[in-house]
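Okay, handing you the structure first.
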Amino acid sequence: MTLAQKVGQMTQAERMHVSPEEVREFHIGSVLSGGGSAPGANRPADWVAMNDEYWAASMSEEDGRLAVPVLYGVDAIHGSNNVLGATVFPHNIGLGAARDPELAAEAARITAREVLATGVEWTFAPTLAVAQDVRWGRTYESFSADPEVAASYAGRIVAALQDASDGSLGPDGIAACAKHWVGDGGTTAGVDQGDTRILEEELRRVHAMPYRDALEAGALTVMVSLSMWNQRRCHAHRYLIEDVLKGEMGFQGLVVSDWNGIDQVAEEYGEAVAQAANAGIDLFMVPEQWRRFISALTSQVQSGAVPMERIDDAVRRILRVKAACGLFSRPRPAQRKWSNHSSFGSPAHRAVARRAVRKSLVLLKNEDGILPLDPAARVLVAGKNAHDRGSQCGGFTVAWQGVSGNDRIKGGTSVWEGVRAVAPHAVLSEGGSAAAAATGSGELPDGEFDVALVVIGERPYAEGMGDIRDPSPVRPGAPRMPAGPEAAAGPEDAAGPEALQPYGQSLELATLHPEDLAVIRSARARGLPVVAVLLSGRPLVVTRELAESTAFVAAWLPGSEGGGVADVLFGKAGFRGTLPFAWPANDPQGDDPPADILFPVGYGLRTK
Ligand code: BGC
């Protein structure tokens with residue numbers, strides 16, 4: 001291969017910024033979709049058509065070119081979640097609450113099929129972060145604060161996604177990516193992309209632990225963390241990547257950088273590229289500015305700053321992954337077995353997601369044994385998240401930051417839709433609409449009721465925009481931009497760099513969302529017992545809401561199948577989930593994680 005071909009293979013560009021023609025011309029090795037970046041009308045057929053074009057470009061042998069199939073990557077982190085109509089599973093925090101790695105593996109197998117339906121062969125999942133401070137905006141991507149729990153999922157999910165456990169890819173598999181190496185969940189005060197200030201012993205014992213299982217199960221790729229370890233960027237950390245991951249742990253696959261991650265390594269771009277390449281990064285996620293990367297890496301090799309052996313090692317790893325994926329022998333995306341398959345978003349897939357929802361719910365309070373509810377009861381359903389499939393799904397669903405409301409989550413059921421199906425006398429309060437609740441204008445309707453079911457909690461967010469911390473912009477210059485007609489609407493998508501603010505400054509729900517306590521209080525004022533269901537990406541300080549509710553359920557971010565919540569509320573299945581994170585009693589101050597604990601890891605009441 002020529003240097004240009006090698007450097008091209010080491011380049012990963014974002015679909016909105018690279019055409020098939022450019023993939024051919026620059027020998028681009030990989031293309032990705034940033035969260036929410038989707039072709040055409042964002043249906044599987046649009047994705048297959050797009051992948052077909054990139055594939056054909058990469059396989060061109062015109063003018064003596066070398067045919068190397070392009071590798072396409074997406075964040076399918078809880079289902080094929082970028083695509084309209086996909087089955088959306090609970091985020092990892094809910095799977096962790098279920099303490100059922102086999103069920104999570106079933107979810108991963110379905111995710112692989114729904115990703116293959118779009119002609120894509122690589123997901124940037126699973127996230128193996130072991131989050132230590134729930135103020136972190138990515139807490140919901142973490143299975144648990146307990147490394148053993150996180151590790152119990154890692155290998156099973158990798159093997160299920162890849163449909164093999166020997167570092168190859170089965171016919172129904174997609175390549176997995178263990179991320180983010182390493183210590184992403186240990187940053188001080190839970191600041192996204194921050195600094196993990198701990199001794200090596202703790203880094204290994206807590207944060208590296210799930211990677212052992214993931215690598216043993218044959219994970220083909222690993223993504224580097226945007227965070228630092230003791231003030232040194234992981235993206236330039238030769239010891240962590242070359243020595244520990246590839247050396248000591250024997251990782252043979254490819255290491256990919258995270259979104260513009262190399263830009264943070266050094267002031268001068270060429271220097272940053274050289275440091276990152278020499279640290280052991282093989283494939284560079286340079287979404288928009290891939291031309292600048294190609295010329296910088298080429299010069300660094302020509303000047304001798306990056307040795308040719310390092311380039312050859314990187315390219316060998318990339319080609320090895322492509323070969324392990326069978327890409328050299330798979331037909332073009334349009335002709336592959338699962339492309340455009342009718343199982344995408346099917347009832348059979350949704351049934352598994354619904355089962356995962358049931359098992360993920362954690363019951364924190366159940367006074368007078370009010371749960372399960374009687375399906376014949378007159379249930380007043382209220383709260384801003386009662387009928388909002390977007391909020392149920394959270395971030396990384398259709399758009400990077402997720403979407404609110406029901407319009408863009410095609411298929412599935414809101415909690416209200418699930419309740420309505422089992423409880424014929426249930427009524428949805430107008431005050432349950434997000435708009436009414438947000439302004440506090442939601443009046444509860446007249447009528448006789450037995451109980452109020454109030455669905456409250458957070459709105460969708462992703463990454464640093466979910467942090468609880470002082471307001472200041474995060475990651476300047478690296479927001480996802482909206483793509484495709486489906487992504488057009490919504491303030492979530494319009495976020496420019498200046499809008500990258502944290503979620504809030506307090507972990508207390510009554511401060512973040514006073515409308516939630518208000519709706520609980522208005523139901524109580526009517527003399528109704530309140531069953532509160534909290535949708536959130538993490539435990540929040542809910543002391544007041546808990547005190548004023550008769551029963552309280554942590555439902556995490558359950559995804560598209562709200563019917564699973566109704567199943568358990570009405571006793572079709574018992575509450576079985578247990579806390580994957582300790583539940584804070586107070587808003588933590590300063591750098592240390594919440595110390596005052598209301599319920600410990602493992603807590604959860606049961607019903608029959
Ligand atoms: C995130 C990664 C993700 C990547 C590609 C980054 O901002 O940190 O987890 O895989 O974007 O969308």
Side-chain angles (χ1 to χ4, degrees), residues 36 38 41-44 76-95 98 103-104 106-111 113-115 117-118 140 341-361 381 383-399 402-423 426 428 432-434 453 455 457-460 486-487 490 492 533 535-537 553 555-570 572-573:
N42 194 11
R43 297 287 185 176
I77 69 171
H78 61 147
S80 188
N81 46 239
N82 280 314
V83 188
L84 288 181
T87 304
V88 184
F89 291 90
H91 268 297
N92 288 352
I93 192 169
L95 299 178
L103 181 54
E106 234 179 299
R109 276 190 283 275
I110 290 170
T111 297
R113 285 184 196 179
E114 294 204 3
V115 169
T118 66
Y140 64 75
H341 200 273
S342 60
S343 64
F344 179 89
S346 64
H349 286 184
R350 292 182 187 280
V352 176
R354 185 165 178 157
R355 197 141 51 81
V357 174
R358 289 178 180 176
K359 285 205 82 173
S360 69
L361 305 182
V381 180
K384 66 173 186 286
N385 284 340
H387 185 41
D388 191 324
R389 295 194 296 268
S391 288
Q392 265 168 227
C393 291
F396 284 102
T397 320
V398 181
V403 294
S404 290
N406 293 309
D407 298 351
R408 291 164 72 196
I409 308 297
K410 310 282 185 196
T413 45
S414 67
V415 173
W416 156 245
E417 289 163 329
V419 168
R420 187 177 55 184
V422 284
L428 177 66
S433 83
L453 175 64
V455 189
E458 292 179 328
R459 303 215 162 278
E486 279 298 335
E492 300 91 349
V533 174
L535 300 187
S536 65
V553 178
W556 317 112
L557 298 172
S560 55
E561 306 312 306
V565 178
D567 291 343
V568 183
L569 291 174
F570 289 91
K572 273 200 191 165

Checklist entry - Is there a side-chain contact between Val565 and Leu361 (heavy atoms, below 4.5 Å)? => result yes

Next on the checklist: Just to verify, what does Arg350 make a salt bridge (Lys or Arg N to Asp or Glu O under 4.0 Å) with, not counting sequence neighbours?
Outcome noted: Glu561

Checklist entry - Which heavy-atom pair separates Ser80 from Thr118 by the least distance, and what is that distance? => result OG-CG2, 4.3 Å

Next on the checklist: Less than 3.5 Å apart, any donor N or O on the side chain of Gln392 or Ser560 sitting next to an acceptor on the other?
Outcome noted: no

Checklist entry - Does His341 use its side chain to pair, donor to acceptor, with the backbone of Ser343 at less than 3.5 Å? => result yes

Next on the checklist: My understanding is that only residues two or more places apart in sequence, or in another chain, count here; which of them pass side-chain hydrogen bond (donor to acceptor under 3.5 Å, both in side chains) with Thr397?
Outcome noted: His78

Item to check | Closest contact, heavy atoms only, Leu557 versus Cys393 | outcome: CB-O, 4.2 Å

Checklist entry - Do Val83 and Arg43 touch side chain to side chain, with heavy atoms closer than 4.5 Å? => result no

Item to check | Residues forming a salt bridge (Lys or Arg N to Asp or Glu O under 4.0 Å) with Glu458, sequence neighbours excluded | outcome: Arg538

Next on the checklist: Just to verify, what does Thr413 make a side-chain hydrogen bond (donor to acceptor under 3.5 Å, both in side chains) with, not counting sequence neighbours?
Outcome noted: none

Checklist entry - Where do Ile409 and Val403 land on the side chain to side chain contact (heavy atoms under 4.5 Å, CB included) test, with the steps shown first? => result CA-CA 8 Å; Ile409 308 297; Val403 294; 3.8 Å; yes

Checklist entry - Quick one: are Arg459 and Lys384 in side-chain contact, heavy atoms under 4.5 Å? => result yes

Next on the checklist: Quick one: does any side-chain atom of Asn81 pair with a main-chain N or O of Val88 as donor and acceptor, under 3.5 Å?
Outcome noted: no

Next on the checklist: Give me the atom names and distance for the closest heavy-atom approach of Ser404 to Asp388.
Outcome noted: C-OD1, 3.8 Å

Item to check | Stepwise side chain to side chain contact (heavy atoms under 4.5 Å, CB included) test for Leu535 and Val455 | outcome: CA-CA 7 Å; Leu535 300 187; Val455 189; 3.9 Å; yes

Next on the checklist: If I take atom OG1 from residue Thr87 and atom CZ from residue Arg354, how far apart are they, to the nearest 0.5 angstrom?
Outcome noted: 13.0 Å

Checklist entry - So do Leu569 and Val553 actually touch side chain to side chain, heavy atoms under 4.5 Å? => result yes

Checklist entry - Is there a side-chain contact between Asn82 and Val398, using heavy atoms and a 4.5 Å cut-off? => result no

Item to check | Separation of Trp556 CH2 from Asn92 CG (nearest 0.5 Å) | outcome: 13.0 Å

Next on the checklist: Could you check whether any side-chain heavy atom of Lys359 comes within less than 4.5 Å of a side-chain heavy atom of Val568, counting everything from C-beta outward?
Outcome noted: no

Checklist outcome for this item: Minimal heavy-atom distance between Gly390 and Pro460, with the atoms involved, is O-CG, 3.8 Å

Item to check | Pair Glu417-Ser414, side-chain donor/acceptor within less than 3.5 Å | outcome: yes

Next on the checklist: Which residues pass the ring pair (Phe, Tyr, Trp, His ring centres under 6.0 Å) test with Phe89, not counting sequence neighbours?
Outcome noted: none

Checklist entry - Between Ala426 and Trp416, which heavy-atom pair has the shortest distance, and what is it? => result O-CH2, 3.7 Å

Checklist entry - Under the 3.5 angstrom rule, does the side chain of Arg389 hit a backbone N or O of Asn406 as a donor-acceptor pair? => result yes

Next on the checklist: Show the nearest heavy-atom pair for residues Leu84 and Phe344, with the distance to one decimal.
Outcome noted: O-CE2, 3.5 Å

Checklist outcome for this item: When rounded to the nearest 0.5 Å, the distance separating NZ of Lys572 from CG of Asp567 is 5.0 Å

Checklist entry - What distance separates Leu103 CG from Ser360 OG, expressed to the nearest 0.5 Å? => result 9.0 Å

Checklist entry - Excluding sequence neighbours, so at least two apart, what forms salt bridge (Lys or Arg N to Asp or Glu O under 4.0 Å) with Arg355? => result Glu106

